[in-house]
There are 2 protein chains.
Amino acid sequence: MKTHSTQTPDAATANVPDDAAKPKAAATDRTFAILELVASASGPLAVKTIGTTLGLPKPTAHRLVNGLIDKGLLARDLETRDVIIGVEAARLAVGILRASLSRAPVRSVLRAVSAELGETCNVGVLDGGDVVYLDRVEVEHWPLRLQFGVGSRVPMHCTAMGKLFLATLPDGMRSRLLASGPFSAQTAHTLTDPDALAAELERIAARGYSLDDEEYVVGVFCVAVPILSSTGRTVAAIAVQAPKVRLSHDRVEQVLPILRRGAEALSAQFG
Amino acid sequence: MKTHSTQTPDAATANVPDDAAKPKAAATDRTFAILELVASASGPLAVKTIGTTLGLPKPTAHRLVNGLIDKGLLARDLETRDVIIGVEAARLAVGILRASLSRAPVRSVLRAVSAELGETCNVGVLDGGDVVYLDRVEVEHWPLRLQFGVGSRVPMHCTAMGKLFLATLPDGMRSRLLASGPFSAQTAHTLTDPDALAAELERIAARGYSLDDEEYVVGVFCVAVPILSSTGRTVAAIAVQAPKVRLSHDRVEQVLPILRRGAEALSAQFG
DNA sequence: TTCAGCGTCTCATTGAGTGAGACGTGACGC
DNA sequence: GCGTCACGTCTCACTCAATGAGACGCTGAA
């Protein structure tokens with residue numbers, strides 16, 4: 001195998017004190033380091049900060065950052081010139097998570113949950129203000145299926161997963177999203193009033209799971225629970241959906257433990 | 001997919017026009033291309049497939065793939081030696097999605113406006129004498145879409161957004177920019193005469209919105225309104241663009257209130 | 001066995017990345 | 001208004017890491 005034995009250039013005949021902290025400066029490594037830094041930062045980052053944090057010379061930091069901006073992986077904040085994540089990065093991220101879920105061991109988790117519940121289950125994340133389905137296992141061929149396959153997007157305010165994400169968001173972000181627009185009434189049950197929605201989010205946050213009682217599609221009931229990262233943050237969600245004749249409030253307590261077990265098994269997949 | 005539009009046609013350092021071919025081969029670009037390819041693939045990929053798909057020489061493909069594997073961004077399927085997404089990539093993706101949350105409000109608003117109008121909408125800012133698109137929501141059903149993806153830059157003097165920015169700029173800066181001509185004639189309708197352009201800017205400033213009647217792309221009509229900061233300054237703009245058969249002068253009064261509502265919602269995001 | 005296809009290794013070549021330094025610019029503080 | 005400062009941009013010579021053709025080895029199929 002020999003992982004590229006070039007770990008230390010000519011360690012032999014090393015008369016000089018080999019400075020261990022002098023790794024080779026690979027452009028690609030640094031580029032990924034920048035991307036990861038911006039992705040893990042709590043907010044917009046100044047290029048200077050990036051440079052000092054990663055120990056990059058000033059022009060180099062700018063060159064690499066601008067390269068990422070050209071690719072759309074990073075972007076600049078409107079008012080400040082700080083660096084934020086770009087839209088291409090979000091696209092890439094969704095693809096990555098989708099691909100990482102298609103790996104066999106994980107796939108079986110969702111399948112097992114779905115089999116145990118006897119209903120259609122899916123896994124989704126929040127991207128750009130709506131819910132994206134990363135994976136999905138269907139049990140049956142009922143007519144309402146397939147409108148929402150893998151990769152499709154559904155609104156936040158009227159789906160179990162979406163409301164769950166909203167409920168677990170930091171306060172500032174939640175209020176900004178709640179302020180970001182009118183909420184379309186998909187059905188007669190859709191919560192369109194911001195106050196009513198806010199109250200529902202409180203309930204969801206308190207009890208740790210989310211329901212959708214015909215709020216998006218008439219006759220369809222959903223239950224969603226969060227998938228937590230190792231730091232305890234909600235990074236994704238797993239949900240079951242079924243026609244209301246088969247799944248409704250009275251069965252929630254029954255499906256929750258099964259969903260939660262699945263969520264726990266999946267959480268390893270998200271760091 | 002893959003906007004890749006930012007080819008930087010700037011030609012600033014272009015020595016001679018004879019070099020038609022662009023043998024630009026940046027290691028970082030190719031690395032990201034590999035990552036994206038694996039992320040968007042339906043299953044595990046052979047290195048050979050990656051190489052041929054991206055046009056990489058055999059050893060190069062292996063080197064880059066192994067580099068990504070060393071970083072944990074890719075991994076190998078255990079039985080087949082095929083390439084799959086690695087756990088680090090999933091971690092990175094979660095971070096990206098979290099970090100890109102700050103864009104969500106803008107996107108939500110844009111999507112709502114676009115849905116209501118049934119046409120492609122975008123948000124842009126002024127940057128270095130160009131209009132740069134920050135975000136964009138497209139409607140799928142018309143073929144000539146997509147020329148201008150997120151991050152791409154368009155001129156100021158012949159686009160609805162650009163003229164809007166020009167019109168709302170402080171006098172000194174406007175005259176400086178106007179003096180920086182010449183203004184290329186993109187179509188027969190493009191305003192290239194500084195005086196005519198100045199008159200147009202007066203009109204725009206007076207009525208508070210801006211139009212582009214085939215001034216940049218033949219057959220395309222645009223309407224743009226400003227997004228104001230809390231201090232009343234124009235910090236960005238929201239625009240709708242559509243083929244002229246569907247959007248023209250007679251529909252302006254109809255789309256304006258919808259655009260303005262979106263602009264107002266976006267303004268709130270800067271409070 | 002022979003063949004074919006894929007992964008690995010080598011190595012001369014070169015050009016992309018590098019970073020010190022100079023310069024431009026905008027934001028404060030006084 | 002005027003220095004001051006700090007960040008961003010530009011330039012340019014250097015050099016090191018990436019490049020890719022070619023040779024080689026492995027494994028599995030005919």
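Keep in mind that what you see is a predicted model, and the values were worked out from it rather than measured. Here is how names work: the chains are called A, B, and so on, in the same order as the sequence lines, proteins then strands, and each is numbered from 1.
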Rounded to the nearest Å, what distance is computed from the [atom1] atom of residue [X] to the [atom2] atom of nucleotide [N]?
| X | N | atom1 | atom2 | value |
| --- | --- | --- | --- | --- |
| H62(B) | dG25(D) | NE2 | C1' | 13 Å |
| D29(A) | dA17(D) | CG | P | 12 Å |
| L45(A) | dG8(D) | CG | P | 11 Å |
| L68(A) | dG17(C) | CG | P | 12 Å |
| D82(A) | dG26(C) | CG | P | 17 Å |
| L56(B) | dG7(C) | CG | C1' | 15 Å |
| D77(A) | dG8(D) | CG | C1' | 17 Å |

Exercise. Would you say the side chain of H157(B) lies within less than 4.5 Å of the side chain of T190(B), judging by non-hydrogen atoms?
Worked result: yes
Exercise. Just wondering, do L68(A) and I34(A) contact through their side chains at under 4.5 Å, heavy atoms?
Worked result: yes
Nearest to the [X] side chain among [options], which nucleotide is it?
| X | options | answer |
| --- | --- | --- |
| N66(A) | dT9(D), dA20(C), dT18(C) | dT9(D) |
| L64(A) | dT19(D), dT18(C), dA20(C) | dT18(C) |
| R30(B) | dT19(D), dG21(C), dG7(C) | dT19(D) |
| K58(B) | dA23(D), dT9(D), dT19(D) | dA23(D) |

Please confirm whether the shortest side-chain N or O distance from [X] to OP1 or OP2 of [N] is below 4.0 Å.
| X | N | answer |
| --- | --- | --- |
| R63(A) | dT18(C) | yes |
| T60(B) | dT19(D) | no |
| R81(B) | dC6(C) | no |

For this session: Give P57(B) one of three labels, base, sugar-phosphate or nothing, depending on what nucleic acid heavy atoms sit under 4.0 Å from its own.
Result: sugar-phosphate
Exercise. Rounded to the nearest 0.5 Å, how far does NE2 of H62(A) lie from CD1 of I69(A)?
Worked result: 9.0 Å
For this session: For I84(A) and R76(A), run side chain to side chain contact (heavy atoms under 4.5 Å, CB included): C-alpha distance rounded to whole Å, both residues' side-chain angles, the deciding distance at 0.1 Å, then the answer.
Result: CA-CA 6 Å; I84(A) 58 178; R76(A) 304 204 98 112; over 6 Å; no
Exercise. Counting only heavy atoms not in R233(A), do more than 12 sit closer than 6.0 Å to its CZ atom?
Worked result: no
